[in-house]
2 protein chains.
Amino acid sequence: MIVSKKTNGVMGRKNPKKWEHRFREMGMRFTEPRRVILEVLGNTVEHLSAEEIYMRVYKKHPNIGLTTVYRNLYTLERMGIVTKFHFGDGCHRYELIEGHKKPDHHHHLVCTGCKRIIDYDDFMDEEIAYIKKVEKALSRKHSFDITDHVIQFYGLCKKCKAA
Amino acid sequence: MIVSKKTNGVMGRKNPKKWEHRFREMGMRFTEPRRVILEVLGNTVEHLSAEEIYMRVYKKHPNIGLTTVYRNLYTLERMGIVTKFHFGDGCHRYELIEGHKKPDHHHHLVCTGCKRIIDYDDFMDEEIAYIKKVEKALSRKHSFDITDHVIQFYGLCKKCKAA
DNA sequence: AACAATAATGATAATGATTATCATTACCAA
DNA sequence: TTGGTAATGATAATCATTATCATTATTGTT
């Protein structure tokens with residue numbers, strides 16, 4: 001079995017038909033901009049900003065506007081298809097939720113030098129156990145319904161250390 | 001012993017003289033805007049934005065400008081005196097590092113409804129053990145010098161759940 | 001097939017937080 | 001005191017994001 005690097009090594013990525021269904025069952029249309037944006041997000045392991053997504057969309061579909069990209073990223077976010085992050089550079093970055101070993105896996109290692117972002121999934125079991133525990137205690141103590149969490153490590157990558 | 005709520009219940013908060021020394025030893029001046037900004041940060045447990053800090057500064061010192069607030073927050077950040085966070089509302093929020101049980105304690109519980117932020121320090125020992133472990137493994141695996149980390153939980157507080 | 005009704009788009013302008021510019025002021029050291 | 005530099009504050013500029021609104025595309029209905 002050959003696993004394409006371009007698809008993040010994950011098989012079974014939803015094909016357009018499946019996405020279409022997600023939209024249709026909510027009474028929404030699966031338009032070309034939406035298909036193309038999902039295509040861009042599905043073909044990278046990077047964490048792209050709206051602008052960067054727009055630039056990639058633009059190459060093949062210069063008619064699709066930046067506004068539409070922003071609007072649909074918001075739509076996709078509400079649909080639970082993408083997640084929005086903030087890594088400390090001045091913009092939001094988007095990630096397709098699908099393709100992770102675990103859903104709600106929002107753990108990143110960020111280089112404060114070159115802004116490179118690495119997804120990691122080491123210690124998942126331990127981490128999940130730990131998170132669950134804290135979550136439970138915090139939600140009880142503060143009467144919160146916890147829905148999500150973010151763990152990020154910041155540092156300097158090899159190159160930026162040297163430089 | 002009476003512990004003022006206003007000072008976050010922490011004794012031994014640096015007084016102006018101590019701050020002054022921090023600046024002086026770096027060949028910097030301990031100016032009035034700097035003193036006032038530190039005063040504002042020292043007198044709250046909230047996570048204020050630059051604008052909010054400016055507004056509090058303004059009350060007693062209307063001559064101090066917003067630009068100066070931004071500039072000095074950046075200065076304080078570089079000096080390791082304050083930390084900047086992003087909680088998902090459109091601005092950065094600042095926190096005096098001093099006054100936490102442990103340094104580099106950046107763990108928050110954020111209500112996505114009312115934007116209220118709760119600092120927590122439960123499970124500190126476990127958390128530190130866990131973080132250390134991940135940090136070590138990640139820095140080895142990816143050749144990163146990890147300098148910092150952030151853990152944030154998102155959810156709805158009691159009031160926002162009800163509403 | 002023609003037709004409303006409404007979803008979605010794209011161009012443009014507006015917003016809001018943050019940063020750059022620059023002339024002025026305050027402080028320190030000789 | 002005086003020259004040099006740090007710091008300030010007013011203003012304008014920037015950049016990501018959002019709001020507005022007229023236009024286009026799609027769908028369900030006759």
Side-chain angles (χ1 to χ4, degrees), chain A residues 16 19-38 40 47-79 81-94 115, chain B residues 16 19-38 40 47-79 81-94 115:
Chain A
W19 289 128
E20 177 155 14
H21 186 253
R22 282 290 293 276
F23 281 87
R24 280 281 141 70
E25 67 187 355
M26 302 193 73
M28 303 174 81
R29 299 169 191 169
F30 190 57
T31 60
E32 187 180 60
R34 287 172 181 173
R35 184 179 52 70
V36 175
I37 290 167
L38 281 168
V40 166
H47 300 73
L48 303 176
S49 66
E51 186 73 34
E52 288 165 353
I53 293 166
Y54 169 68
M55 290 191 303
R56 299 196 183 191
V57 165
Y58 184 86
K59 282 177 190 156
K60 295 200 171 183
H61 305 267
N63 50 313
I64 295 172
L66 178 56
T67 305
T68 301
V69 171
Y70 270 107
R71 198 168 16 215
N72 281 316
L73 285 171
Y74 180 56
T75 301
L76 292 169
E77 208 193 334
R78 277 176 304 152
M79 291 173 75
I81 292 175
V82 307
T83 317
K84 183 166 78 169
F85 291 99
H86 187 92
F87 296 112
D89 55 344
C91 63
H92 290 108
R93 297 182 169 277
Y94 299 82
K115 313 296 180 195
Chain B
W19 290 127
E20 178 155 14
H21 186 252
R22 282 291 291 278
F23 281 86
R24 281 282 141 72
E25 68 186 356
M26 302 193 73
M28 303 174 81
R29 299 174 191 164
F30 189 59
T31 61
E32 186 179 59
R34 287 174 180 170
R35 183 179 53 72
V36 176
I37 290 167
L38 281 168
V40 166
H47 300 74
L48 303 175
S49 66
E51 186 73 34
E52 287 165 353
I53 292 166
Y54 169 68
M55 290 192 301
R56 298 196 184 191
V57 165
Y58 184 87
K59 282 178 189 156
K60 294 201 173 184
H61 305 269
N63 50 313
I64 295 173
L66 178 57
T67 306
T68 301
V69 172
Y70 270 108
R71 199 165 18 213
N72 281 315
L73 285 170
Y74 180 56
T75 301
L76 292 169
E77 208 193 335
R78 278 176 305 153
M79 292 174 73
I81 293 175
V82 308
T83 316
K84 184 167 77 170
F85 291 98
H86 188 91
F87 296 112
D89 54 345
C91 63
H92 290 107
R93 297 182 170 277
Y94 298 83
K115 311 298 179 193

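Note on naming: letters A, B, ... go to the chains in the order of the sequence lines (proteins, then strands), and numbering restarts at 1 for each one. Values in this document were obtained by computation on a predicted structure and should not be read as measured data.
- Within the structure, a side-chain polar atom (N or O) of A:Asn72 is placed less than 4.0 Å from OP1 or OP2 of C:dT9.
- Separating the CE atom of A:Met55 from the P atom of D:dA16 is a distance of 10 Å, rounded to the nearest angstrom.
- Counting only heavy atoms from C-beta outward, the side chains of A:Tyr94 and A:Ile37 never approach each other to under 4.5 Å.
- Interatomic distance, A:Ile81 CD1 to A:Arg34 CZ, rounded to the nearest 0.5 Å: 9.5 Å.
- Distances shown here put a side-chain N or O of A:Arg34 below 4.0 Å from the OP1 or OP2 atom of C:dA8.
- Looking at heavy-atom distances under 4.0 Å, B:Arg71 makes contact with a base.
- Side-chain contact check for A:Met28 versus A:Thr75: some heavy-atom pair is nearer than 4.5 Å.
- Distances shorter than 4.0 Å separate some side-chain N or O of B:His92 from OP1 or OP2 on C:dT18.
- The OH-P distance, from A:Tyr58 to C:dT9, rounds to 18 Å in whole Å.
- Between A:Phe85 and A:His47, the angle of the ring planes goes over 60°, which puts this pair in the perpendicular group of the 30/60° scheme.
- Of the candidate nucleotides C:dA17, D:dT27, D:dA7, D:dA7 has the atom lying nearest to any side-chain atom of B:Met28.
- Taking 3.5 Å as the limit, the base of C:dT9 and the side chain of A:Thr31 contain no donor-acceptor pair of atoms between them.
- Taking atom CD of residue B:Glu20 and atom C1' of nucleotide C:dC28, one finds them 13 Å apart after rounding to whole Å.
- With hydrogens and angles ignored, no donor-acceptor pair closer than 3.5 Å exists between the side chain of B:Thr67 and the base of D:dT8.
- Residue contacts for A:Arg24: at a heavy-atom cut-off of 4.0 Å it reaches the sugar-phosphate backbone alone, with no base atom in range.
- Counting heavy atoms from C-beta on, the side chains of A:Leu76 and A:Phe23 come closer than 4.5 Å.
- Listed pair A:Tyr70 / D:dT17 meets the phosphate criterion, a side-chain N or O lying under 4.0 Å from OP1 or OP2.
- Between the CG atom of A:Leu66 and the C1' atom of D:dA19 there is a distance of 14 Å, rounded to whole Å.
- If you take NE2 of A:His86 and C1' of C:dT18, they are 12 Å apart, rounded to a whole angstrom.
- Both B:Arg29 and B:Ala50 lie near DNA chain C, and the one whose nearest nucleotide falls closer to the 5' end is B:Ala50.
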